[in-house]
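Structure first, commentary second.
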Amino acid sequence: DVIAGRKTGGEIAGRILVNGHNQDLQTFARVSGYVEQTDNHMESMTVREALRFSALHRLPKAMPYEEKQQVMEAIPDVVELTPILGK
């Protein structure tokens, strides 16, 4: 919760670093996905299916489906998951 900037209680002390650099929450939110511990994921879903599901729910409703497809095809390379897409 702290790293994702979603901590709502308690006291936070110290610095948060991402790859050795001070964390910028706006940038971090754009390049990461937050999954609560209580979220359930279907173990039968492949990585590709999980990324697709996430993208379809995160991208703006007004974005044309073809554009969403392009984003979904680019994401695995960006986050270095291409080798495990079918797992």
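Everything quoted here is computed from the prediction, not taken from an experiment. Computation of the quantities below employed the complete heavy-atom set of this structure, encompassing side-chain atoms and omitting hydrogens, waters and symmetry-equivalent molecules.
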Report yes or no: do [X] and [Y] belong to one cluster of Ile/Leu/Val/Met/Phe/Trp/Tyr joined by side chain heavy-atom distances under 4.5 Å?
| X | Y | answer |
| --- | --- | --- |
| Ile75 | Ile84 | yes |
| Leu59 | Phe53 | no |
| Val71 | Val47 | yes |

Candidate pair Met72 and Leu51, rule side-chain contact (heavy atoms from CB on, under 4.5 Å), full reasoning: CA-CA 7 Å; Met72 289 185 284; Leu51 288 172; over 6 Å; no
Distance check, rounded to the nearest 0.5 Å: [X] atom [atom1] versus [Y] atom [atom2]?
| X | Y | atom1 | atom2 | answer |
| --- | --- | --- | --- | --- |
| His57 | Arg52 | NE2 | CZ | 10.0 Å |
| Gln69 | Glu67 | CD | CD | 11.5 Å |
| Arg15 | His21 | CZ | NE2 | 11.0 Å |

Glu49 side chain to Thr46 backbone, donor-acceptor under 3.5 Å: yes
Exceeds 12 heavy-atom contacts within 6.0 angstrom, atom CD1 of Ile3: no
Chi angles and distances behind the side-chain contact (heavy atoms from CB on, under 4.5 Å) call for Asn22, Leu17: CA-CA 5 Å; Asn22 285 321; Leu17 303 176; 3.4 Å; yes
